[in-house]
2 protein chains.
Amino acid sequence: MSKKRNTTLKELSKELSLSISTVSRALNDHPDISQDTKERVRKLAKQMNYVPNLFARGFRSRETHILGVIVPNISHLFTSTILKGILEEAELRGYRVIISESNNNEVKQVEMLNTMTQFGVDGVLMSLARKTTNVEEILKILNRIPIVLFDKVSSKIPCTQVVINEEEAAFNAVEHLIELGKQRIAIIKETENSYNSEKRFAGYLRALNKYGIPVRDKLILSTEDISLGNGRRLTNILLSMKKRPDAIFAITDNAAIGAIKALHKFKVKIPEEIAVVGFSNSINSTIVSPALTTVDQPGDKIGRTAVRFLIEEIESPTNEVNTKTVEIKTSLIVRDSSLMV
Amino acid sequence: MSKKRNTTLKELSKELSLSISTVSRALNDHPDISQDTKERVRKLAKQMNYVPNLFARGFRSRETHILGVIVPNISHLFTSTILKGILEEAELRGYRVIISESNNNEVKQVEMLNTMTQFGVDGVLMSLARKTTNVEEILKILNRIPIVLFDKVSSKIPCTQVVINEEEAAFNAVEHLIELGKQRIAIIKETENSYNSEKRFAGYLRALNKYGIPVRDKLILSTEDISLGNGRRLTNILLSMKKRPDAIFAITDNAAIGAIKALHKFKVKIPEEIAVVGFSNSINSTIVSPALTTVDQPGDKIGRTAVRFLIEEIESPTNEVNTKTVEIKTSLIVRDSSLMV
DNA sequence: AAATAAATTGCAAACGTTTGCACAAACGTT
DNA sequence: AACGTTTGTGCAAACGTTTGCAATTTATTT
């Protein structure tokens, strides 16, 4: 059970009567080494099942080929889809991935960032904890290693950011409702300064503006925690109004599903009386009935793209700051909750 | 942007006019060092923002304090809940976690296991790919480092295994249906030699036996891929029978939801005509209507437990093989799909 | 044949940490 | 005063790899 030691360069070199350095260079395909020697070395290496000790290597060259990932909540479906993309792309490019969860705790988030750099990761992919306000510490670390933000990002951090076209996606969703003939469109969004929520809200406003529909404050509802339960609760409020809305745009599938449940309870016809649109295309959106119209966000593409940019920065470092924002296109998936005949 | 170097022991030692080894020992709270020195060292270390180079350490002591995790599919909700538990418990105990996805591919699974040991992880937590049959390679690696299996396990691999009480959980679920007065209980399960499926099937059989209910082959349906779509398809078959079942036990929430969808379509009353029970307590089970009765598996507890056993094996290695199986208790959550008044 | 260039290979240092051992000082015991 | 003991500290080796430079061999040129 005790950890058996791996074959080392030294053992190979002894076996072949070569020096350690020659063996090392042969395996790394260094041009100074003759073809002949290279083949002999490679053959024996394979035979003796040689694998380089990554710690010695990382230790020596301060390159670990490890990427750190920090996300608020790993069991959120959208997040785990992104992680899937990250894992796949990283593996493809010969990087390994360490994952941590911040639990939406800003302090913990910085702590993890520190541990990771201390650990020697080559770069970090990060989705910010809700209400990340103090970016000081993050900026400090950004001076030392490249960071790429995705999904929950912040304009206060000058680095590459990979997001979906939140504003446009929301615009499209609301435009869809308007084209259906809806005029009193309510929105259920987040209170706090959440990047995603604000962008989506902006899209909502732009759509109303474009079609000359007045913005009614009463139809703009916010909640701290954009959950199913709160979606239900806010919808109840909407239903108690003298003039009910004729559509609800919830910036989250869960909240939208909560809305549907509430509407169901009060026997409101969906979508005839009130149409509902969500955001995320989570599995649930097809399970609820009526099936939910929603915005599909290609999580794995976000993950892959983020990895690609991060590795690029790692492998060809420049002294300029990278501040580009990459937008991944989403698409509106129309289902029964907004399908009028 | 270039990787700035961290403070090293050498720098600390120079500053304090002490030897490197004294500083090292002071920071590791070695009893040989005087309290006075320890405090001076610690103070300066903090001030100079010293962090040990984990690579040098891991390299030296061949202990990395990294755990490897291999799962079939990270974006499966139950899996990511387990991961959450793993991450939390590991962090608590000062271990870091590397996660890989096997995509249910046996070859890839072994490959990852190899890369991880090569990488120097102290131990591996693994949930097996479906249809893992060739355990040769895994056994080889088990000789070198401790492995703990969870969720998808195999009796062919002599190591600690953390599972839920699959058989009993299924038994309870079916017993619940019987107590409801159901007599023709169908089961939707997996075809291939899946550990979970077989255990659950065994529980199903035991429940029928206990109550003297004949086992009818026609009511035992299997599918390769236990998905929502296949749940729906198999339910359609059940509905086409001359004598329909009066209950369906699907060994997966998704399949159960497929069943509900099919029943819905044919306007079969749930649970009066046919009751439905699933397995997993995924979020969806509360979103479908009627809400699904299902078995709650405490994912994070599984994760935490697995980590605990693994670390124990790492930190106090014995030469005996560890083959205990730890069962985590589940509970049946009764909802509308089987709630009769 | 001598001189130079090119192709291979080896030596040795370096990376930052831990740890067995040796050493020195201070103390207590005969 | 001589001897052990205890306490605190430093020396130096080791972990496995990479890499600048030197050394050797071989090929090419004059």
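Naming convention: chains lettered A, B, ... in sequence-line order (proteins, then strands); numbering from 1 in each chain.
For B:K38, the salt bridge (Lys or Arg N to Asp or Glu O under 4.0 Å) test picks out B:D29, with sequence neighbours left out. Legend: residues meeting side chain to side chain donor-acceptor pair (under 3.5 Å) with A:E39, ordered by chain and number and at least two apart, are absent. Qualifying side chain to side chain donor-acceptor pair (under 3.5 Å) partners for A:T37, counting only residues two or more places apart in sequence or in other chains: A:S34. For B:R304, the salt bridge (Lys or Arg N to Asp or Glu O under 4.0 Å) partners at least two apart in sequence or on another chain are B:E88, B:E89. Residues satisfying the side chain to side chain donor-acceptor pair (under 3.5 Å) criterion with B:S154, sequence neighbours excluded, are absent altogether. Scanning for ring pair (Phe, Tyr, Trp, His ring centres under 6.0 Å) contacts around A:H76 gives an empty result, with sequence neighbours left out. Residues satisfying the ring pair (Phe, Tyr, Trp, His ring centres under 6.0 Å) criterion with A:F309, sequence neighbours excluded, are absent altogether. Remark: A:E91 pairs with B:K108 by the salt bridge (Lys or Arg N to Asp or Glu O under 4.0 Å) rule, at least two apart or across chains.
The distance from atom NZ of A:K14 to atom P of C:dT9 is 21 Å, rounded to the nearest whole Å. We find that CG of A:L16 is positioned 17 Å from P of C:dT8, with the value rounded to whole Å. The NE2-C1' distance, from B:H30 to C:dG20, rounds to 10 Å in whole Å. Going from atom CZ of B:F55 over to atom P of C:dT17 covers 13 Å, rounded to whole Å. Rounded to an integer number of Å, the gap from A:N53 CG to D:dG16 C1' is 6 Å. Atom NZ in B:K10 sits about 15 Å away from atom C1' in D:dC11, given to the nearest Å. As a whole-Å value, the separation of A:L9 CG from C:dT9 C1' is 15 Å.
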Contact list (N/O, under 3.5 angstrom) for nucleotides 10-14 of chain C vs protein:
from: C:dG10; atom 1: OP2; to: A:S19; atom 2: N; distance (Å): 2.9
from: C:dG10; atom 1: OP2; to: A:S19; atom 2: OG; distance (Å): 3.3
from: C:dG10; atom 1: OP2; to: A:T22; atom 2: OG1; distance (Å): 2.6
from: C:dG10; atom 1: O6; to: A:R25; atom 2: NH2; distance (Å): 2.5
from: C:dC11; atom 1: N4; to: A:S21; atom 2: OG; distance (Å): 2.8
from: C:dA14; atom 1: N3; to: A:R60; atom 2: NH1; distance (Å): 3.4

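At a non-hydrogen distance threshold of 4.0 Å, nothing from residues 32-40 of chain A comes into contact with DNA chain D.
Annotation: B:K46, atom NZ; neighbour count of heavy atoms from other residues, nucleotides and ligands within 6.0 Å does not exceed 12.
Looking at A:I74 and B:L87, their side chains come closer than 4.5 Å, going by heavy atoms from C-beta outward.
Side chain of A:F59, nearest nucleotide from D:dT19, C:dT17, C:dC15: C:dC15.
Stem analysis of DNA chain C (Watson-Crick or G-U pairs, both distances under 3.5 Å, runs of at least three) returns C:1-30 with D:1-30.
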Contacts table for residues 49-57 of chain B: side-chain donor-acceptor under 3.5 angstrom, sequence neighbours left out:
from: B:N53; atom 1: OD1; to: B:F55; atom 2: N; distance (Å): 2.7
from: B:N53; atom 1: OD1; to: B:A56; atom 2: N; distance (Å): 2.9

